[in-house]
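Working notes, beginning with the structure itself.
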Amino acid sequence: MWLANRAMLRHLRLVQGFTRGLSTSSTSSRTTSRVIGSLHLLKAFAMTSGAAAAAWYVSMHRTTTPAACEASISPGEFVKGLKEISLEEVQKHKSKSDGGIWVTYKGGVYDITEFIENHPGGESKILLAAGGPLEPFWSLYAQHQEEFVYSLLEEMRIGNLKASDKETLAQQDESDPYANDPARSPLLTVRSHKPFNAEPPLELLDSEITPNDLFYVRNHLPVPKVDAKDYKLEIVHRDGRSSALTLDDLKRKFKPHEVTATIMCAGNRRNEMNSIKTVKGGYWDAGAISTARWTGALLSEVLEELGITEEGVEHIQFEGLDKDSTTQTIYGASIPADIAMDKKNEVLLAYKMNDEPIPADHGYPIRAVAPGIVGARNVKWVGKIIASDKESDSHWQQNDYKGFNSSVDWHNVDFSTAPAIQELPVISAICSARVEEDEVVVQGYAYSGGGRGIIRVDVTADNGSSWEIAELSPADPKQKRNRVYGWTLWSATLKLPECKKTLEDGCLVLRSRAVDSQYNLQPENCEKIWNLRGVLSNSWHKKKVVWDN
């Protein structure tokens, strides 16, 4: 049935014809650009309804793309010879019955009628832009900002937007849902602007507590603007009743509790999996992890005060105040009730981060901090808590942040077959390495989820033939066995003469591995743990140091 899809068939034939033509004639840059768009569209189909067939076709007809295909696409620029179209005329084209569905992007006007049913994100979302600009939607969904998408869009170009209307759209600041995002430290390495994702340079991860400005940022949606005076936290009981607490209630009615906890993104070190085979997910080096001292009300005490017990409750759901302005989708997640409601687990409704009000990027005014649990469940800007017998039905709980084996890819994945990630596996990273006379001094971090402390870190310069045991930072006396929620910093010193024997391409190649309190050990390589989302990347960490005689 997938071949019955006319638009997809058109792209299949375009790729096939282009492949045959490579050996017989020259091709125009516009044709090769169209083929790039078609190939990537087919790959998008492989992630949606036409999964098996489209994936097969792309694999069978893949070809080397000429250098001309890689030329930069500049979408929306003025194109000589195309007719000028007013914004008023564009706004009249919102459905097929209007004579087609038109949209604008910068200075271009596009007829997307035939593409609608093939949109990988579904018809409903793309139709929200009908008769208007694409910019607000592409600001929300950064995956559109790729050359193959620009190429595909230009294929649907029908005109230039009237100059005066282009200026009008450019002045509409409210079109950018990220316009009110807070200022960030220039020291952060930005991985995505919209939504904002950034990590600190590894060399700066050298203290037990990460300064707020250097704490990694993982946002899924625009940062909400919340007035603390108007803030109310809704708590939904198992029987459907609701209670509400203000920020002042949380501070006055409940004894402040403090816990030092590391929060790590499930995609930390994803770049290493990308080096094996491209995964779907934002780029992260080893800096999507940070540690803070959190202060707030114990969630267990808040629920107890409201009369909520574990009877009939299996999950505690959190809903954030951040939302997709186009679909009103909100960020949500949940953790098991036995974790949330046990005082020993120290789950917080935190209002302070390192003794200061939580910054906007990290959840002001309230963030759920679940020590030992993956960052995705530490929901920021919490607006609602639900005591339920079911997990959150949020996309990020049900269809993301789950692990699979390396044989599962987008053509055969079924997210319902895997549990949501909660506790994270043991991990380590080398943050810095410097040569001092006849020694190499190596420093880094190690961490394990679920409250498991680190008992050993090993460092090697010969790919594991021999190991040096690192010195661990002193344990926090407040953190008891199976309740070690902060990372462990470590350092090791290796003798340079020994390291010089194992140079690889003129570099010292250092590797680290950690062992947690339950004797879980990091796997040796990334190939065996590769997965389609690039999560749980915890193999031995490798760092190359250029050798300079």
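For the pair I373/V347, no side-chain contact is recorded, criterion being any heavy-atom separation below 4.5 Å from C-beta on. At least one side-chain heavy atom of I263 sits less than 4.5 Å from a side-chain heavy atom of F215. With contacts defined as side-chain heavy-atom distances shorter than 4.5 Å, the pair L536/I529 does not qualify. When side chains are defined from C-beta on, W284 counts as touching Y216, because their heavy atoms get closer than 4.5 Å. The closest side-chain heavy-atom distance from D213 to L187 is not below 4.5 Å. Put simply, the side chain of H237 reaches to within 4.5 Å of the side chain of S243, judged on heavy atoms. In this structure, the side chains of L532 and V413 come closer than 4.5 Å at one or more pairs of heavy atoms. The shortest side-chain heavy-atom distance between F115 and L152 falls under the 4.5 Å cut-off.
Evaluation of the salt bridge (Lys or Arg N to Asp or Glu O under 4.0 Å) test over residues 408-420, restricted to residues two or more places apart or in two chains, returns K277-D409. Identified under the ring pair (Phe, Tyr, Trp, His ring centres under 6.0 Å) test for residues 78-112, with sequence neighbours left out: H93-W102, Y105-W138.
Not counting sequence neighbours, the partners of D400 by the salt bridge (charged side-chain N to carboxylate O under 4.0 Å, His left out) test are R533. With sequence neighbours excluded, the residues satisfying side-chain contact (heavy atoms from CB on, under 4.5 Å) with A418 are K402, F404. With sequence neighbours excluded, the residues forming a side-chain contact (heavy atoms from CB on, under 4.5 Å) with P182 are R184, V223, A360, D361, listed by chain and number. Residues satisfying the salt bridge (charged side-chain N to carboxylate O under 4.0 Å, His left out) criterion with E346, sequence neighbours excluded, are absent altogether. Residues meeting the side-chain contact (heavy atoms from CB on, under 4.5 Å) test with D227, sequence neighbours left out: K229, D230. Every residue two or more places apart in sequence or in another chain that forms a side chain to side chain donor-acceptor pair (under 3.5 Å) with S97 is listed here: S95. Scored by the ring pair (Phe, Tyr, Trp, His ring centres under 6.0 Å) test, H257 finds no partners at all (sequence neighbours excluded). Qualifying side chain to side chain donor-acceptor pair (under 3.5 Å) partners for N538, counting only residues two or more places apart in sequence or in other chains: none. In this view, E319 and I330, K384, I386 satisfy the side-chain contact (heavy atoms from CB on, under 4.5 Å) rule, not counting sequence neighbours. Applying the salt bridge (charged side-chain N to carboxylate O under 4.0 Å, His left out) rule to D206 yields no partners; only residues at least two apart in sequence or on another chain are considered.
Proximity of a side-chain donor or acceptor of E117 to a complementary backbone N or O of E114 within less than 3.5 Å is not detected. Between the side chain of R270 and the backbone N or O of V279, no donor-acceptor pair lies under 3.5 Å. When atom types are taken as modelled, the side chain of S192 and the backbone of P195 share a donor-acceptor pair closer than 3.5 angstrom. Side chain of N160 to backbone of G108: no donor-acceptor contact under 3.5 angstrom is found. Judged by distance alone, with hydrogens and angles left aside, the side-chain atoms of N378 form a donor-acceptor pair with the main-chain N or O of V374 at under 3.5 Å. Of the possible polar contacts, none joining the K352 side chain to the P256 backbone as a donor-acceptor pair under 3.5 Å is found. In this structure a side-chain-to-backbone donor-acceptor pair under 3.5 Å is present from D165 to L87. Without hydrogens or angle criteria, N197 side chain to N219 main chain gives a donor-acceptor distance under 3.5 Å. Remark: the backbone N or O of A292 is not paired with any side-chain donor or acceptor of N354 at under 3.5 angstrom. D249 contributes a side-chain N or O that, together with a main-chain N or O of T246, makes up a donor-acceptor pair within less than 3.5 Å.
Here the CG-OG distance, from L205 to S290, works out to 6.0 Å after rounding to the nearest 0.5 Å. Atom CG of L299 is separated from atom CG of L349 by 5.0 Å, given to the nearest 0.5 angstrom. The structure places NE2 of H362 at 9.0 Å from CH2 of W381, a figure rounded to the nearest 0.5 Å. Taking CD1 of I158 as the start and CD1 of I85 as the end, the distance is 4.0 Å to the nearest 0.5 Å. If you take OH on Y351 and CD1 on I366, they are separated by 8.0 Å, rounding to the nearest 0.5 Å. For the atom pair CE (M353) and CG (N212), the distance works out to 4.5 Å, reported to the nearest 0.5 Å.
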* Could you give me the CA-CA distance, side-chain angles and deciding distance for R191 and E199, then say whether salt bridge (charged side-chain N to carboxylate O under 4.0 Å, His left out) is met? => CA-CA 8 Å; R191 301 304 185 191; E199 59 186 302; 2.7 Å; yes
* **Stepwise salt bridge (charged side-chain N to carboxylate O under 4.0 Å, His left out) test for D181 and K194** => CA-CA 10 Å; D181 270 19; K194 300 176 181 181; over 6 Å; no
* **Evaluation steps, salt bridge (charged side-chain N to carboxylate O under 4.0 Å, His left out), between R252 and D248** => CA-CA 6 Å; R252 286 190 306 102; D248 190 53; 2.7 Å; yes
* To do: In sequence, state the C-alpha distance, the side-chain angles, and the governing distance for L348 and T295, and then conclude on side-chain contact (heavy atoms from CB on, under 4.5 Å).
  => CA-CA 8 Å; L348 291 184; T295 306; 5.8 Å; no
* **Derivation of the side-chain contact (heavy atoms from CB on, under 4.5 Å) call for T189 and D285** => CA-CA 10 Å; T189 302; D285 195 3; over 6 Å; no
* **Full working for side-chain contact (heavy atoms from CB on, under 4.5 Å) between L153 and V149** => CA-CA 6 Å; L153 180 66; V149 178; 5.5 Å; no
* Asked: After noting the C-alpha distance and the side-chain angles of V382 and L233, does the key distance pass the side-chain contact (heavy atoms from CB on, under 4.5 Å) rule?
  -> CA-CA 7 Å; V382 177; L233 173 63; 3.7 Å; yes
* **Full working for side-chain hydrogen bond (donor to acceptor under 3.5 Å, both in side chains) between S242 and E234** => CA-CA 7 Å; S242 290; E234 180 185 1; 3.1 Å; yes
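In summary, K106 and E77 do not engage in a salt bridge, as defined by a charged side-chain N under 4.0 Å from a carboxylate O. Ion pair D355/R293 flagged as a salt bridge, since at least one NZ, NE, NH1 or NH2 atom sits closer than 4.0 Å to an Asp/Glu carboxylate oxygen.
Nearest heavy-atom pair, V226 versus P365, reported as atom, atom and distance to 0.1 Å: CG1-CD, 3.6 Å. Summarising the geometry of M273 relative to C526, their closest heavy-atom pair is CG-SG, 3.4 Å, with the distance given to 0.1 Å.
Judged purely by distance below 3.5 Å, without hydrogens or angles, the side chains of T291 and T262 pair a donor atom with an acceptor atom.
Of the residues Q397, H315, Q317, the one that meets the side chain to side chain donor-acceptor pair (under 3.5 Å) test with E391 is Q397.
Counting heavy-atom neighbours within 6.0 Å of E305 CD, excluding the residue itself, gives a total of 12 or less.
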